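The structure under discussion appears below in the form of structure tokens.
On a predicted model such as this, the values are computed, not experimentally measured, just so you know. Every chain is numbered from 1, with letters handed out A, B, ... down the list of sequences.
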Protein chains: 2
Amino acid sequence: MYVCSMKLNEAREKFIQQWGSLGSKWGINRTMAQIHALFLVTEDLLSAEDVMEMLKISRGNANMNIRTLIDWGLVYKEYQSGERKEFFRGEKDIWKVTQRVIRVRQRQELDPMLHVLAELQTIESDKNNKKEVEAFTKQIKDIKSFAELADGSLTKISASEENWFLKVFMKFMK
Amino acid sequence: MYVCSMKLNEAREKFIQQWGSLGSKWGINRTMAQIHALFLVTEDLLSAEDVMEMLKISRGNANMNIRTLIDWGLVYKEYQSGERKEFFRGEKDIWKVTQRVIRVRQRQELDPMLHVLAELQTIESDKNNKKEVEAFTKQIKDIKSFAELADGSLTKISASEENWFLKVFMKFMK
DNA sequence: CCGAACTTTCAATAATAATTGAAAGTTTAT
DNA sequence: ATAAACTTTCAATTATTATTGAAAGTTCGG
């Protein structure tokens, strides 16, 4: 497709592998992370076919994971004039990428946890297990408070401008 | 073992399931997360046998995962006088738990990523692909800067007192 | 409306990750 | 030094998760 020095292709490949590995350690489908990595380091539009070829994966796999990346807001669908098939472009801004990943995972994982913790806060007690129920309730309360703190901060982060964040953050770090 | 209202046992069970599910979505072995949850909501010391019985898992599984929890600093080994076997106690402080998880995952996942990003920063260029190499290098640089920012903040967080963190954090949130 | 060009779905299959349990290893009391 | 009590290991098995690819679905130009 392109004539590049081996070094650039090697580097791309290495980045894709590493991003895939990181993703899979964090519960994200390795292939989806690899496709994401490919989009992160590719300036041009890519078709599903390009992705299939470059990562040596099947049509179904490519389609499904590109779809999820679009849902997450990490990849955009674009049309090429004169072409019938779909093309895609990756979100390049790593700050936006982070915000979008935070939003999805907050919704998919933190919210259900908060919901369950709220439920667990009010449990029956009787004379036989008063102490135990108290200890349990206290512990759940602590975990819930912490989770709410995390939830609030993630919400703030995922709605803020990078510059605002960096400024406040620098104060926090010094 | 204890006489409790169904509600307490149900609640414990539900918490264990939820914590296990959260863990597995974040790339932590579901059983390890469940054992951790059990320790979080259990005041008493537990033996490996207790854990096996309560979670209905094998000896090998219990042993391996308790070992990892100890490595992570989330469970402590303790001896009961007059007993030969080992007993364990969970770290209850959710702030400490967070700090220890951050440390482990930073070391296991963020550090290797930073290492690779550093490698990828210097790649060969020639007249045919100057533009592409520049774009790639710029993108890797951005990702690396961001990862370093994250790394620094996580280091700070995992070394700080909860009170310090809360205070600074409250300012950050307002 | 037709058929070519493309996308989506999903049951079957493959790859990966977790679990078991019995054997080997270790520790301790006597 | 021995045996009982306990812990660890790891090859075989099971469970979970991801991938394939062909068939079904969709869209579009003429």
Side-chain angles (χ1 to χ4, degrees), chain A residues 16-39 45-72 75-89 105 108-109, chain B residues 16-39 45-72 75-89 105 108-109:
Chain A
I16 289 167
Q17 292 311 317
Q18 185 65 25
W19 201 256
S21 149
L22 184 66
S24 88
K25 285 174 190 162
W26 285 83
I28 289 165
N29 179 317
R30 173 182 260 103
T31 303
M32 171 166 146
Q34 289 180 341
I35 297 175
H36 182 227
L38 175 61
F39 276 109
L45 295 178
L46 296 174
S47 67
E49 210 120 335
D50 293 333
V51 172
M52 285 164 62
E53 279 170 24
M54 291 168 117
L55 300 179
K56 290 161 178 69
I57 58 175
S58 71
R59 185 170 298 282
N61 198 5
N63 178 73
M64 194 166 78
N65 284 303
I66 290 171
R67 192 83 9 227
T68 306
L69 286 166
I70 292 172
D71 291 344
W72 284 38
V75 162
Y76 309 111
K77 197 188 283 195
E78 286 191 22
Y79 291 93
Q80 190 85 293
S81 63
E83 285 265 21
R84 193 153 154 194
K85 72 172 136 182
E86 297 175 324
F87 284 84
F88 308 96
R89 180 190 300 286
R105 304 208 69 169
Q108 288 180 356
E109 290 134 35
Chain B
I16 290 167
Q17 291 311 319
Q18 185 64 25
W19 201 256
S21 150
L22 184 67
S24 88
K25 286 174 188 162
W26 284 83
I28 288 165
N29 179 316
R30 172 180 262 105
T31 301
M32 173 165 143
Q34 289 179 339
I35 297 175
H36 182 227
L38 175 60
F39 276 110
L45 296 178
L46 296 173
S47 67
E49 209 120 336
D50 294 332
V51 171
M52 286 164 62
E53 279 171 22
M54 290 166 118
L55 300 179
K56 288 162 178 71
I57 58 175
S58 72
R59 185 169 298 284
N61 198 5
N63 178 73
M64 195 166 77
N65 285 302
I66 291 172
R67 192 79 14 224
T68 306
L69 285 165
I70 292 172
D71 291 345
W72 285 39
V75 162
Y76 309 112
K77 198 187 283 194
E78 287 192 22
Y79 291 94
Q80 190 83 295
S81 62
E83 286 265 20
R84 192 156 153 190
K85 71 173 135 182
E86 296 175 326
F87 284 84
F88 308 95
R89 179 189 302 285
R105 305 209 67 169
Q108 286 180 358
E109 290 135 36

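- Looking only at distances, a side-chain donor or acceptor of N65(B) sits under 3.5 Å from a matching main-chain atom of N61(B).
- Atom CD1 of I57(A) and atom P of dA18(D) are 14 Å apart (whole Å).
- At a cut-off of 3.5 angstrom, the base of dT20(C) holds no donor-acceptor pair with the side chain of R59(B).
- Ranking dA18(D), dT7(D), dG21(C) by closeness to the S58(B) side chain, first place goes to dG21(C).
- Between F87(A) atom CZ and dA5(C) atom C1' the separation is 13 Å, expressed in whole Å.
- Atom pair K85(B):NZ and dT28(C):C1' shows a separation of 16 Å (rounding to whole Å applied).
- Picking from dT9(D), dT8(C), dT20(D) the nucleotide with the shortest atom distance to the side chain of N63(B) gives dT9(D).
- Between the CD1 atom of I35(B) and the P atom of dA18(C) there is a distance of 13 Å, given to the nearest Å.
- At whole-Å resolution of the value, CE in M64(A) and P in dT17(D) are 13 Å apart.
- Regarding I66(B), its CD1 atom lies at a distance of 13 Å from the P atom of dT19(C), rounded to whole Å.
- No side-chain heavy atom of Y79(A) sits under 4.5 Å from any side-chain heavy atom of F87(A).
- Residue N29(A) places at least one side-chain N or O closer than 4.0 Å to OP1 or OP2 of dT19(D).
- Spacing between atom CZ of R30(A) and atom P of dA18(D) amounts to 10 Å, rounded to whole angstrom units.
- Between the CG atom of L46(A) and the P atom of dT7(C) there is a distance of 13 Å, rounded to whole Å.
- Distances from the side chain of R84(A) to the nucleotides dA4(C), dT19(C), dA5(D) place dA4(C) closest.
- Side-chain contact check for R105(B) versus W26(B): some heavy-atom pair is nearer than 4.5 Å.
- For the pair F88(A) and K56(B), both in contact range of DNA chain C, the more 5′-proximal nearest nucleotide belongs to F88(A).
- If you check the side chains of S47(B) and D50(B), you find a donor sitting under 3.5 Å from an acceptor.
- Checked for salt-bridge contact, E109(B) and K25(A) miss the test: no charged N lies under 4.0 Å from a carboxylate O.
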